[in-house]
Amino acid sequence: MIIVKNLKRYYGTGETAVKALRGVSFEIKKGEFVAIMGASGSGKTTLLRILALLDDATEGEYTIRGLQVSSLPEAERSYYRLTQVGYVFQDYALINEMSAAENVYVLSMMEGKSRKESYETALEALDKVGLKGKHNRVPDELSGGEKQRVAIARAIAKKPDILFADEPCANLDTNNSKQVLDVFKELNEKYGQTIVMVTHEPWHTEYVDRVITLEDGSLVSDEKKRR
């Protein structure tokens with residue numbers, strides 16, 4: 001499903017260039033739940049942002065379902081990102097003045113769907129993440145774990161091919177982290193959602209199929225897990 005070949009990302013030029021990624025290659029199959037790990041500065045968030053089409057690679061190829069997305073014009077990349085890719089930020093990125101449902105359906109409306117269809121899609125997504133009945137609550141009325149689940153619902157409402165998550169539990173305590181990871185696990189196992197998650201917590205790997213580890217911009221291990 002995902003094929004990455006010799007992906008590089010440099011910031012700056014010449015001898016002072018920062019080499020965030022130094023030629024990373026791997027494949028991810030449909031329905032896999034993959035964790036990307038590594039120390040701070042290892043390149044894991046840079047890699048995730050490139051995979052989610054939020055940043056450009058300096059060199060290399062990146063394809064999803066046979067489409068070489070790394071070479072798409074910017075307008076097509078933006079449309080693909082809006083309609084085919086889900087992204088969960090570690091800081092929730094919710095609009096405080098909007099209800100949970102409104103935070104979810106705003107992206108559907110950006111795709112051109114009607115308010116009614118967008119609202120129904122939002123309720124379905126919120127139900128999937130365990131927030132049925134809380135659709136009218138604003139972020140200040142939700143716990144940290146519930147806020148992150150709203151962010152997940154927003155990402156999955158459009159039924160994306162791949163769900164990317166950048167340290168989604170970074171701002172959560174252990175209990176809320178487990179609740180969020182349980183949601184990811186259910187999405188993966190029950191609905192076959194492909195998930196690529198950046199994390200730095202070793203215990204999070206209990207939930208995943210594979211762990212890709214980066215060090216100084218290079219892939220140093222690719223380990224399959226047993227669940």
- Item | Pair Leu72-Tyr79, side-chain contact (heavy atoms from CB on, under 4.5 Å): steps then yes or no | CA-CA 10 Å; Leu72 289 176; Tyr79 181 76; over 6 Å; no
- Given the rule in the side-chain hydrogen bond (donor to acceptor under 3.5 Å, both in side chains) test, do Arg115 and Tyr105 qualify, once you have shown the distances and angles that lead to the verdict? CA-CA 8 Å; Arg115 182 179 292 273; Tyr105 75 59; 2.9 Å; yes
- Message: Quick one, Asp166 with Arg49, criterion salt bridge (Lys or Arg N to Asp or Glu O under 4.0 Å). Give me CA distance, side-chain angles, the key distance, then yes/no.
- Response: CA-CA 9 Å; Asp166 185 10; Arg49 287 183 60 83; over 6 Å; no
- Item | Trace of the side-chain contact (heavy atoms from CB on, under 4.5 Å) decision for Tyr80 with Leu67 | CA-CA 11 Å; Tyr80 193 94; Leu67 176 65; 3.7 Å; yes
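Atom CZ of Phe184 and atom CD of Glu189 lie 14.0 Å apart (nearest 0.5 Å).
No donor-acceptor distance shorter than 3.5 angstrom exists from the side chain of Asp55 to the backbone of Ile50, with no hydrogens or angles considered. Judged by distance alone, with hydrogens and angles left aside, the side-chain atoms of Lys44 form a donor-acceptor pair with the main-chain N or O of Ala39 at under 3.5 Å. Using a distance-only test at 3.5 Å, with no hydrogens or angles considered, no donor-acceptor pair links the side chain of Ser70 to the main chain of Glu61. A distance-only check finds a donor-acceptor pair linking the side chain of Asn103 to the backbone of Ser99 [under 3.5 Å]. With Thr194 contributing its side chain and Ile162 its backbone, the two residues share no donor-acceptor pair below 3.5 Å. Within the 3.5 Å criterion, the main-chain N or O of Gly66 finds no donor-acceptor partner in the side chain of Thr63. Remark: side-chain polar atoms of Ser218 are not paired, donor with acceptor, to backbone N or O of Val220 under 3.5 angstrom. Between the side chain of Asn171 and the backbone N or O of Gln90 there is at least one donor-acceptor pair closer than 3.5 Å. Under the 3.5 Å distance criterion, the side-chain polar atoms of Glu59 are left unmatched by any main-chain donor or acceptor of Leu7. Side-chain N or O atoms of Lys158 include one that pairs as donor or acceptor with a backbone N or O of Val85 at under 3.5 Å.
No more than 12 heavy atoms of other residues, nucleotides or ligands lie within 6.0 Å of NZ in Lys19, so this atom counts as exposed by the packing criterion. Counted within 6.0 Å of OH on Tyr11, heavy atoms from surrounding residues, nucleotides or ligands total more than 12; the atom is thus considered enclosed. Taking a 6.0 Å sphere around NZ of Lys113, one finds it holds more than 12 heavy atoms contributed by other residues, nucleotides or ligands.
Under the 6.0 Å distance and 45° angle rule, Lys128 counts as a cation-pi partner of Tyr191.
Clustering ILVMFWY residues whenever any of their side-chain heavy atoms sit less than 4.5 angstrom apart, transitively, puts Met37 in a cluster other than the one holding Phe164.
In terms of heavy atoms, Ala35 sits closest to Thr199 at CB-CG2, 4.2 Å.
Glu117 and Thr121 share no side-chain donor-acceptor pair at under 3.5 Å.
In this view, Arg22 satisfies the side-chain hydrogen bond (donor to acceptor under 3.5 Å, both in side chains) rule with no residue, not counting sequence neighbours.
Under the side chain to side chain donor-acceptor pair (under 3.5 Å) test applied with Glu32, the options Lys224, Arg210, Gln193 reduce to a single match, Arg210.
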